[in-house]
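Here the structure comes first, spelled out in structure tokens, and everything after it is commentary.
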Amino acid sequence: RYNVKKGNETVTIREEISLIDNYIYILNVRFSGDIHYEKNIEKRLKKIKNAIREISPNLVISFMSETNIDVCFALYGMNIPIIVSERNYPAIDPKSRAKQIMRKIAYLKPAGFVFQTPDAKAYFSKRIQDKSCIILNPINSQLPAPYNGERDKRIVAVGRLNRQKNFKLLIDAFSNSCPIINAVCS
């Protein structure tokens with residue numbers, strides 16, 4: 001089990017965060033002060049920890065990178081196993097270098113990991129891979145048969161209006177292809 005040179009004693013969140021402070025300091029010496037981060041997480045961690053304590057679960061399953069990090073830190077010192085589910089590609093989420101560093105420390109705690117793709121799993125260390133599995137997005141077996149009749153000439157996109165879904169790229173691509181589509185579809 002991970003610890004801060006304290007043998008078998010419980011490690012506090014404050015001690016974990018001080019490790020990040022030291023690591024950021026080292027990076028700033030190395031990269032001329034180009035690494036910036038703000039730590040304002042103790043209130044959120046306390047809320048998470050208190051909520052988990054109140055619920056008293058046998059297991060916690062956490063989703064999404066930044067929430068995973070917070071939940072892992074909040075559970076330090078509690079004897080509750082956690083399973084982390086990475087839903088995005090971990091090389092680009094979280095974006096901030098500080099959060100990526102925090103994730104490396106936080107991910108020493110979980111009992112297991114779930115990934116959606118082999119690439120996401122392969123991003124992590126063998127230690128993490130050895131206690132992980134891949135669960136692909138489900139495909140509903142009740143989908144209707146493909147439509148073979150006359151079609152309307154429409155392009156439809158469905159998804160969250162979120163930067164990650166990159167609707168701007170879709171709109172730009174459609175805009176660039178409109179003359180071609182108009183010539184073919186007219």
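Every heavy atom of this structure was used, including side-chain atoms; hydrogens, water molecules and symmetry mates were not.
- Side-chain contact check for Glu86 versus Arg103: some heavy-atom pair is nearer than 4.5 Å.
- Residues satisfying the side chain to side chain contact (heavy atoms under 4.5 Å, CB included) test with Asp119, not counting sequence neighbours, are Tyr89, Thr117.
- Contact between Phe73 and Ala106 at its shortest, heavy atoms only, is CE1-CB, 3.9 Å.
- Cluster partners of Phe167 are Leu161, Leu170, counting Ile, Leu, Val, Met, Phe, Trp and Tyr whose side-chain heavy atoms approach within less than 4.5 Å, directly or via other members.
- With rounding to the nearest 0.5 angstrom, the CG atom of Asn68 is 13.5 Å from the NZ atom of Lys109.
- Within 6.0 Å of NZ on Lys131 lie more than 12 heavy atoms contributed by other residues, nucleotides or ligands.
- The CD1 atom of Ile105 lies 11.5 Å from the SG atom of Cys72; values are rounded to the nearest 0.5 Å.
- Proximity of Ile80 to Pro57: side-chain heavy atoms (C-beta onward) are separated by under 4.5 Å at one or more points.
- Of the residues listed (Asn88, Asp70, Ile69, Val84), the one engaging Met64 in a side chain to side chain contact (heavy atoms under 4.5 Å, CB included) is Asn88, and it is the only one.
- By the 4.5 Å heavy-atom criterion applied to side chains, Phe115 and Arg87 are not counted as neighbours.
- Val114 and Val60 fall into different hydrophobic clusters, where Ile, Leu, Val, Met, Phe, Trp and Tyr residues are linked whenever their side-chain heavy atoms come under 4.5 Å apart, directly or through other members.
- Under the 4.5 Å side-chain heavy-atom criterion for grouping Ile, Leu, Val, Met, Phe, Trp and Tyr, Ile55 is not connected to Leu75 through any hydrophobic cluster.
- Separating the CD1 atom in Ile82 from the CD1 atom in Ile52 is a distance of 7.0 Å, to the nearest 0.5 Å.
- The ring-ring contact (aromatic ring centres under 6.0 Å, His included) test applied to Phe113 returns Tyr107, not counting sequence neighbours.
- Nearest heavy atoms, Tyr147 versus Arg151: O-NH2, 2.8 Å.
- The shortest side-chain heavy-atom distance between Pro90 and Phe124 falls under the 4.5 Å cut-off.
- When every heavy atom of Ile48 is checked against every heavy atom of Ala74, the shortest pair comes out as CG2-CB, 3.6 Å.
- The cluster map of Ile, Leu, Val, Met, Phe, Trp and Tyr, joined by side-chain heavy atoms under 4.5 Å apart, puts Ile61 and Ile134 in different clusters.
- Lys49 places no side-chain N or O within donor-acceptor distance of the main-chain N or O of Arg44, the cut-off being under 3.5 Å.
- To the nearest 0.5 Å, atom CE of residue Met102 and atom NZ of residue Lys99 are 5.0 Å apart.
- Put simply, OG on Ser132 and CZ on Arg127 are 11.0 Å apart, with the number rounded to the nearest 0.5 Å.
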Exercise. Would you check, one step at a time, whether the test side-chain contact (heavy atoms from CB on, under 4.5 Å) holds for Ile171 with Lys168?
Key: CA-CA 5 Å; Ile171 292 166; Lys168 181 183 181 328; 5.8 Å; no

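- Note that CD of Glu150 and CG of Asp152 are 8.5 Å apart. Values are rounded to the nearest 0.5 Å.
- Tracing side-chain contacts under 4.5 Å through hydrophobic residues (I, L, V, M, F, W, Y), one reaches Val71 starting from Met78; they form part of the same cluster.
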